[in-house]
2 protein chains.
Amino acid sequence: MNNSDLKKAGLKITLPRVKILEILEKARDRHLSAEDIYTILNESGEEIGLATVYRVLTQFEEAKLVIRHHFSEGHSVFELDLGTHHDHLVCVKCGHVEEFVDELIEKRQKAVAENAGFCMTDHSLNIYGICKACQM
Amino acid sequence: MNNSDLKKAGLKITLPRVKILEILEKARDRHLSAEDIYTILNESGEEIGLATVYRVLTQFEEAKLVIRHHFSEGHSVFELDLGTHHDHLVCVKCGHVEEFVDELIEKRQKAVAENAGFCMTDHSLNIYGICKACQM
DNA sequence: ATTAAAAGTGCGATTTTTTGCATGATTGAA
DNA sequence: TTCAATCATGCAAAAAATCGCACTTTTAAT
Ligand SMILES: [Zn+2]
Ligand SMILES: [Zn+2]
Ligand SMILES: [Zn+2]
Ligand SMILES: [Zn+2]
(Lines give C-alpha, C1' and ligand atoms only; values in the text may rest on other atoms or scores of the structure.)
(Ligands and ions follow the chains in the order given, each with its own letter.)
Protein backbone atom coordinates (compact mmCIF):
# COMPACT_ATOMS: atom_id res chain seq x y z
CA MET A 1 0.00 0.00 0.00
CA ASN A 2 1.82 3.13 -1.19
CA ASN A 3 1.61 6.42 -3.07
CA SER A 4 0.69 4.79 -6.34
CA ASP A 5 -2.32 3.21 -4.65
CA LEU A 6 -3.39 6.69 -3.59
CA LYS A 7 -3.00 7.91 -7.17
CA LYS A 8 -5.00 5.00 -8.55
CA ALA A 9 -7.77 5.92 -6.14
CA GLY A 10 -7.78 9.50 -7.45
CA LEU A 11 -6.45 10.85 -4.16
CA LYS A 12 -3.68 13.40 -4.01
CA ILE A 13 -0.51 12.44 -2.21
CA THR A 14 -0.49 14.45 0.98
CA LEU A 15 1.34 14.17 4.26
CA PRO A 16 -1.69 13.12 6.33
CA ARG A 17 -2.57 10.35 3.88
CA VAL A 18 0.95 9.01 3.60
CA LYS A 19 1.45 9.05 7.38
CA ILE A 20 -1.87 7.36 8.04
CA LEU A 21 -1.07 4.62 5.53
CA GLU A 22 2.31 4.12 7.21
CA ILE A 23 0.69 3.78 10.61
CA LEU A 24 -1.78 1.22 9.31
CA GLU A 25 1.06 -0.73 7.66
CA LYS A 26 2.84 -1.03 10.97
CA ALA A 27 -0.22 -2.06 12.97
CA ARG A 28 -0.43 -5.62 11.85
CA ASP A 29 -1.49 -7.23 15.11
CA ARG A 30 -4.31 -4.85 16.01
CA HIS A 31 -6.85 -2.73 14.21
CA LEU A 32 -6.81 0.99 14.97
CA SER A 33 -9.52 3.55 15.62
CA ALA A 34 -9.40 7.11 14.32
CA GLU A 35 -8.49 8.27 17.83
CA ASP A 36 -5.68 5.72 18.01
CA ILE A 37 -4.22 7.00 14.76
CA TYR A 38 -4.61 10.61 15.84
CA THR A 39 -2.73 9.86 19.07
CA ILE A 40 0.09 8.10 17.24
CA LEU A 41 0.39 11.05 14.85
CA ASN A 42 0.52 13.50 17.73
CA GLU A 43 3.13 11.49 19.58
CA SER A 44 5.35 11.43 16.52
CA GLY A 45 5.04 15.21 16.31
CA GLU A 46 2.74 15.49 13.29
CA GLU A 47 0.25 18.34 13.50
CA ILE A 48 -2.65 16.67 11.77
CA GLY A 49 -6.20 17.47 12.81
CA LEU A 50 -8.57 14.83 14.15
CA ALA A 51 -11.15 15.81 11.54
CA THR A 52 -8.63 15.05 8.83
CA VAL A 53 -7.98 11.62 10.27
CA TYR A 54 -11.69 10.80 10.22
CA ARG A 55 -12.04 12.18 6.71
CA VAL A 56 -9.01 10.38 5.31
CA LEU A 57 -10.14 7.07 6.79
CA THR A 58 -13.58 7.46 5.24
CA GLN A 59 -12.01 8.28 1.88
CA PHE A 60 -9.72 5.28 2.18
CA GLU A 61 -12.72 3.13 2.93
CA GLU A 62 -14.54 4.40 -0.18
CA ALA A 63 -11.40 3.82 -2.24
CA LYS A 64 -11.16 0.28 -0.84
CA LEU A 65 -7.73 0.96 0.62
CA VAL A 66 -8.95 0.12 4.10
CA ILE A 67 -11.75 -1.91 5.66
CA ARG A 68 -13.86 -0.48 8.46
CA HIS A 69 -14.94 -2.86 11.18
CA HIS A 70 -17.53 -2.46 13.90
CA PHE A 71 -16.22 -4.57 16.72
CA SER A 72 -18.19 -4.72 19.94
CA GLU A 73 -16.40 -1.75 21.53
CA GLY A 74 -18.65 0.56 19.55
CA HIS A 75 -16.34 2.81 17.56
CA SER A 76 -14.98 1.89 14.14
CA VAL A 77 -11.56 0.33 13.69
CA PHE A 78 -9.63 0.13 10.46
CA GLU A 79 -7.19 -2.18 8.72
CA LEU A 80 -5.50 -2.06 5.33
CA ASP A 81 -7.50 -3.80 2.65
CA LEU A 82 -5.04 -6.26 1.16
CA GLY A 83 -7.75 -7.79 -0.97
CA THR A 84 -7.93 -11.13 0.76
CA HIS A 85 -11.15 -11.66 2.67
CA HIS A 86 -10.86 -12.86 6.23
CA ASP A 87 -12.81 -12.87 9.44
CA HIS A 88 -11.63 -11.92 12.93
CA LEU A 89 -10.84 -13.24 16.34
CA VAL A 90 -10.78 -10.27 18.71
CA CYS A 91 -9.38 -10.33 22.22
CA VAL A 92 -11.77 -8.43 24.48
CA LYS A 93 -8.99 -7.79 27.01
CA CYS A 94 -6.10 -6.45 24.96
CA GLY A 95 -7.59 -5.73 21.54
CA HIS A 96 -5.31 -8.19 19.81
CA VAL A 97 -6.74 -9.35 16.49
CA GLU A 98 -6.15 -12.57 14.63
CA GLU A 99 -7.47 -13.26 11.19
CA PHE A 100 -8.85 -16.47 9.81
CA VAL A 101 -10.72 -17.92 6.90
CA ASP A 102 -12.81 -21.03 7.21
CA GLU A 103 -13.98 -22.17 3.80
CA LEU A 104 -16.72 -24.29 5.29
CA ILE A 105 -18.17 -21.30 7.14
CA GLU A 106 -17.92 -19.18 4.01
CA LYS A 107 -19.78 -21.82 2.02
CA ARG A 108 -22.51 -22.23 4.62
CA GLN A 109 -23.05 -18.48 4.73
CA LYS A 110 -23.74 -18.41 1.03
CA ALA A 111 -26.20 -21.24 1.47
CA VAL A 112 -27.96 -19.45 4.35
CA ALA A 113 -28.32 -16.26 2.31
CA GLU A 114 -29.59 -18.12 -0.73
CA ASN A 115 -32.10 -20.01 1.37
CA ALA A 116 -33.52 -16.78 2.71
CA GLY A 117 -33.73 -15.27 -0.76
CA PHE A 118 -31.06 -12.69 0.04
CA CYS A 119 -28.57 -11.56 -2.56
CA MET A 120 -25.50 -11.45 -0.34
CA THR A 121 -23.26 -8.42 -0.74
CA ASP A 122 -20.99 -8.80 2.26
CA HIS A 123 -20.63 -10.40 5.64
CA SER A 124 -18.80 -9.94 8.89
CA LEU A 125 -17.94 -12.61 11.40
CA ASN A 126 -16.23 -11.69 14.65
CA ILE A 127 -15.34 -14.17 17.32
CA TYR A 128 -14.72 -12.49 20.69
CA GLY A 129 -12.73 -14.05 23.46
CA ILE A 130 -9.60 -14.01 25.58
CA CYS A 131 -6.42 -14.50 23.61
CA LYS A 132 -3.67 -16.93 24.57
CA ALA A 133 -1.46 -14.20 26.10
CA CYS A 134 -4.28 -12.73 28.20
CA GLN A 135 -5.24 -16.11 29.66
CA MET A 136 -1.94 -16.39 31.51
CA MET B 1 -40.79 -9.50 28.24
CA ASN B 2 -42.79 -7.56 30.82
CA ASN B 3 -42.79 -5.75 34.14
CA SER B 4 -41.73 -8.79 36.11
CA ASP B 5 -38.63 -9.06 33.93
CA LEU B 6 -37.82 -5.48 34.88
CA LYS B 7 -38.25 -6.34 38.55
CA LYS B 8 -36.04 -9.39 38.24
CA ALA B 9 -33.35 -7.20 36.77
CA GLY B 10 -33.60 -4.84 39.75
CA LEU B 11 -35.03 -2.07 37.62
CA LYS B 12 -37.98 0.01 38.75
CA ILE B 13 -41.09 -0.04 36.63
CA THR B 14 -41.28 3.33 34.98
CA LEU B 15 -43.10 4.68 31.97
CA PRO B 16 -40.03 5.08 29.76
CA ARG B 17 -38.94 1.51 30.41
CA VAL B 18 -42.36 -0.01 29.86
CA LYS B 19 -42.90 1.96 26.65
CA ILE B 20 -39.47 1.08 25.28
CA LEU B 21 -40.06 -2.61 25.96
CA GLU B 22 -43.42 -2.38 24.18
CA ILE B 23 -41.82 -0.78 21.16
CA LEU B 24 -39.16 -3.47 20.99
CA GLU B 25 -41.83 -6.16 21.31
CA LYS B 26 -43.61 -4.83 18.25
CA ALA B 27 -40.50 -4.47 16.10
CA ARG B 28 -40.02 -8.06 15.19
CA ASP B 29 -38.87 -7.66 11.59
CA ARG B 30 -36.27 -4.96 12.17
CA HIS B 31 -33.87 -3.93 14.87
CA LEU B 32 -34.19 -0.38 16.18
CA SER B 33 -31.67 2.29 17.03
CA ALA B 34 -32.01 4.62 20.02
CA GLU B 35 -33.02 7.39 17.62
CA ASP B 36 -35.67 5.14 16.04
CA ILE B 37 -37.18 4.43 19.44
CA TYR B 38 -37.06 8.09 20.42
CA THR B 39 -38.90 9.02 17.22
CA ILE B 40 -41.58 6.38 17.80
CA LEU B 41 -42.06 7.63 21.37
CA ASN B 42 -42.37 11.22 20.20
CA GLU B 43 -44.87 10.32 17.50
CA SER B 44 -47.05 8.53 20.03
CA GLY B 45 -46.99 11.64 22.22
CA GLU B 46 -44.69 10.45 24.97
CA GLU B 47 -42.38 13.13 26.36
CA ILE B 48 -39.34 10.99 26.99
CA GLY B 49 -35.87 12.45 26.56
CA LEU B 50 -33.35 11.03 24.12
CA ALA B 51 -30.81 10.67 26.95
CA THR B 52 -33.26 8.46 28.80
CA VAL B 53 -33.70 6.25 25.77
CA TYR B 54 -29.93 5.76 25.47
CA ARG B 55 -29.65 5.14 29.21
CA VAL B 56 -32.52 2.68 29.38
CA LEU B 57 -31.21 0.71 26.42
CA THR B 58 -27.78 0.43 28.03
CA GLN B 59 -29.38 -0.72 31.29
CA PHE B 60 -31.46 -3.25 29.40
CA GLU B 61 -28.31 -4.50 27.73
CA GLU B 62 -26.57 -4.92 31.09
CA ALA B 63 -29.64 -6.69 32.46
CA LYS B 64 -29.63 -8.98 29.41
CA LEU B 65 -33.12 -7.87 28.43
CA VAL B 66 -31.88 -6.68 25.05
CA ILE B 67 -28.96 -7.42 22.76
CA ARG B 68 -26.98 -4.62 21.17
CA HIS B 69 -25.75 -5.15 17.63
CA HIS B 70 -23.24 -3.21 15.59
CA PHE B 71 -24.44 -3.57 12.05
CA SER B 72 -22.52 -1.89 9.26
CA GLU B 73 -24.53 1.34 9.43
CA GLY B 74 -22.40 2.36 12.38
CA HIS B 75 -24.82 3.11 15.20
CA SER B 76 -26.09 0.45 17.58
CA VAL B 77 -29.38 -1.33 17.07
CA PHE B 78 -31.27 -3.31 19.66
CA GLU B 79 -33.51 -6.35 19.88
CA LEU B 80 -35.17 -8.11 22.76
CA ASP B 81 -33.02 -10.87 24.19
CA LEU B 82 -35.27 -13.90 24.13
CA GLY B 83 -32.44 -16.13 25.22
CA THR B 84 -32.03 -18.06 22.01
CA HIS B 85 -28.80 -17.29 20.19
CA HIS B 86 -29.03 -16.48 16.53
CA ASP B 87 -27.15 -14.66 13.81
CA HIS B 88 -28.47 -12.12 11.33
CA LEU B 89 -29.26 -11.50 7.71
CA VAL B 90 -29.56 -7.75 7.24
CA CYS B 91 -31.03 -6.04 4.20
CA VAL B 92 -28.82 -3.06 3.35
CA LYS B 93 -31.68 -1.38 1.47
CA CYS B 94 -34.62 -1.53 3.87
CA GLY B 95 -33.11 -2.62 7.18
CA HIS B 96 -35.19 -5.78 7.31
CA VAL B 97 -33.61 -8.40 9.55
CA GLU B 98 -33.94 -12.16 9.43
CA GLU B 99 -32.51 -14.45 12.02
CA PHE B 100 -30.87 -17.79 11.52
CA VAL B 101 -28.86 -20.44 13.27
CA ASP B 102 -26.57 -22.77 11.42
CA GLU B 103 -25.24 -25.47 13.70
CA LEU B 104 -22.40 -26.26 11.38
CA ILE B 105 -21.20 -22.65 11.42
CA GLU B 106 -21.53 -22.54 15.20
CA LYS B 107 -19.46 -25.68 15.53
CA ARG B 108 -16.75 -24.46 13.16
CA GLN B 109 -16.48 -21.18 15.06
CA LYS B 110 -15.74 -23.03 18.25
CA ALA B 111 -13.09 -25.03 16.43
CA VAL B 112 -11.51 -21.88 14.98
CA ALA B 113 -11.34 -20.21 18.40
CA GLU B 114 -9.89 -23.30 20.01
CA ASN B 115 -7.29 -23.63 17.29
CA ALA B 116 -6.12 -20.08 17.88
CA GLY B 117 -5.96 -20.61 21.63
CA PHE B 118 -8.81 -18.19 22.25
CA CYS B 119 -11.30 -18.77 25.01
CA MET B 120 -14.43 -17.72 23.11
CA THR B 121 -16.87 -15.51 25.01
CA ASP B 122 -19.14 -14.43 22.21
CA HIS B 123 -19.45 -14.03 18.49
CA SER B 124 -21.36 -12.04 15.94
CA LEU B 125 -22.10 -13.06 12.38
CA ASN B 126 -23.93 -10.69 10.08
CA ILE B 127 -24.70 -11.45 6.47
CA TYR B 128 -25.51 -8.30 4.49
CA GLY B 129 -27.46 -8.29 1.25
CA ILE B 130 -30.62 -7.35 -0.58
CA CYS B 131 -33.72 -9.02 0.76
CA LYS B 132 -36.31 -10.76 -1.37
CA ALA B 133 -38.72 -7.81 -1.29
CA CYS B 134 -36.05 -5.27 -2.24
CA GLN B 135 -34.88 -7.29 -5.22
CA MET B 136 -38.18 -6.82 -7.04
C1' DA C 1 -52.66 6.61 53.12
C1' DT C 2 -48.05 8.50 54.57
C1' DT C 3 -43.50 8.76 54.13
C1' DA C 4 -38.42 8.20 53.55
C1' DA C 5 -34.85 5.88 50.90
C1' DA C 6 -33.42 4.66 46.59
C1' DA C 7 -33.46 4.99 41.93
C1' DG C 8 -34.89 7.32 37.48
C1' DT C 9 -35.77 11.33 34.62
C1' DG C 10 -35.25 15.57 32.06
C1' DC C 11 -32.45 19.18 31.07
C1' DG C 12 -28.30 21.20 29.92
C1' DA C 13 -23.40 20.50 29.56
C1' DT C 14 -19.80 17.55 27.71
C1' DT C 15 -17.61 14.42 24.79
C1' DT C 16 -17.25 12.19 20.30
C1' DT C 17 -17.73 12.30 15.41
C1' DT C 18 -18.96 14.81 11.26
C1' DT C 19 -19.46 18.85 8.31
C1' DG C 20 -18.80 23.70 6.09
C1' DC C 21 -15.86 26.94 4.68
C1' DA C 22 -11.75 29.85 3.95
C1' DT C 23 -6.99 28.98 3.28
C1' DG C 24 -3.18 26.21 1.53
C1' DA C 25 -1.00 22.30 -1.05
C1' DT C 26 -0.70 19.29 -5.12
C1' DT C 27 -0.77 18.38 -9.88
C1' DG C 28 -0.39 18.56 -14.79
C1' DA C 29 -0.08 21.77 -18.50
C1' DA C 30 2.25 25.55 -20.38
C1' DT D 1 9.56 26.67 -13.28
C1' DT D 2 5.35 28.99 -13.29
C1' DC D 3 0.62 28.87 -12.89
C1' DA D 4 -4.34 27.83 -12.55
C1' DA D 5 -7.50 24.32 -11.45
C1' DT D 6 -8.57 21.22 -8.28
C1' DC D 7 -8.46 19.01 -4.24
C1' DA D 8 -7.12 18.80 1.05
C1' DT D 9 -6.56 20.71 5.32
C1' DG D 10 -7.35 23.06 9.70
C1' DC D 11 -10.39 25.34 12.35
C1' DA D 12 -14.71 26.18 14.20
C1' DA D 13 -19.46 25.02 14.15
C1' DA D 14 -22.87 21.24 14.08
C1' DA D 15 -24.76 16.81 14.99
C1' DA D 16 -24.79 12.53 17.59
C1' DA D 17 -24.10 10.14 21.84
C1' DT D 18 -23.15 10.40 26.78
C1' DC D 19 -22.92 12.30 31.42
C1' DG D 20 -23.88 15.20 35.83
C1' DC D 21 -27.04 17.04 38.70
C1' DA D 22 -31.38 18.87 40.72
C1' DC D 23 -35.82 17.30 40.90
C1' DT D 24 -39.53 13.32 40.51
C1' DT D 25 -41.20 8.99 40.85
C1' DT D 26 -41.24 4.42 42.60
C1' DT D 27 -41.19 1.29 46.25
C1' DA D 28 -41.95 -0.89 50.48
C1' DA D 29 -42.37 -0.16 55.33
C1' DT D 30 -45.23 2.16 58.52
ZN1 LIG E 1 -15.80 -14.59 5.96
ZN1 LIG F 1 -5.58 -10.58 24.84
ZN1 LIG G 1 -8.38 -8.05 9.65
ZN1 LIG H 1 -34.91 -5.15 2.00
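Reckoned from all heavy atoms, side chains included, excluding hydrogens, waters and symmetry mates. By convention in this document, chain letters (A, B, ...) are assigned in the order of the sequence lines, proteins followed by strands, and residues within each chain are numbered from 1. Fair warning: this is a prediction, and the values are worked out from it, not measured in the lab.
One finds no salt bridge joining A:Glu61 and A:Lys64 here, because no Lys/Arg side-chain nitrogen approaches an Asp/Glu carboxylate oxygen to under 4.0 Å.
Taking atom CG of B:Leu21 as the reference point, atom P of C:dG8 lies 14 Å away to the nearest angstrom. Rounded to whole Å, the distance from CG on B:Leu50 to P on C:dT16 is 18 Å. As rounded to whole Å, 13 Å separates atom C1' of C:dG10 from atom CD1 of B:Ile20. Put simply, NZ on A:Lys19 is 17 Å from C1' on D:dA8, counting in whole angstrom units. Residue A:Asn3 contributes atom CG, which lies 18 Å from atom P of C:dA25 at whole-angstrom precision. Summarising the geometry, the separation between CZ on A:Arg68 and C1' on C:dT17 is reported as 10 Å, rounded to the nearest angstrom. Straight-line distance from the CD1 atom of A:Ile48 to the C1' atom of C:dG24: 15 Å, rounded to whole Å. Rounded to whole Å, the distance from CZ on B:Phe60 to C1' on C:dG8 is 12 Å.
Aromatic ring pairs are classed by plane angle as parallel below 30°, tilted from 30° to 60° and perpendicular above 60°; the pair A:His86 and A:His88 is perpendicular. Using a 30° and 60° split on the angle between ring planes, B:Phe71 and B:Tyr128 fall in the perpendicular class, above 60°.
Of the side-chain N and O atoms in B:Tyr54, one or more sit less than 4.0 angstrom from OP1 or OP2 of D:dA17. For the pair B:Thr14 and C:dA7, the criterion of a side-chain N or O lying under 4.0 Å from OP1 or OP2 is not met. Residue B:Arg55 places none of its side-chain N or O atoms closer than 4.0 Å to OP1 or OP2 of D:dT18.
Closest approach to the A:His75 side chain among D:dT27, C:dT17, C:dG10 is made by C:dT17 (side chain taken as heavy atoms from C-beta onward). The side chain of B:Arg17 has C:dT9 as its nearest neighbour among C:dT9, D:dA17, D:dT9. Between C:dT9, D:dA8, C:dT17, one nucleotide has an atom nearer to the side chain of B:Thr52 than all others, and that is C:dT9. Checking D:dA8, D:dT27, C:dT9 against every side-chain atom of B:Lys12, the shortest atom distance belongs to D:dT27.
For the pair A:Ala51 and A:Gly10, both in contact range of DNA chain D, the more 5′-proximal nearest nucleotide belongs to A:Gly10.
Residue B:Leu15 is classed as having no contact, given no heavy-atom separation below 4.0 Å to the nucleic acid. Contact annotation for B:Ile13: backbone-only contact, meaning every heavy-atom pair under 4.0 Å involves sugar-phosphate atoms and none involves a base.
Counting only distance, with no hydrogens or angles, the side chain of A:Asn115 and the backbone of A:Val112 share no donor-acceptor pair below 3.5 Å. A donor-acceptor pair under 3.5 Å links the side-chain atoms of A:Arg17 to the main chain of A:Lys12, judged by distance alone.
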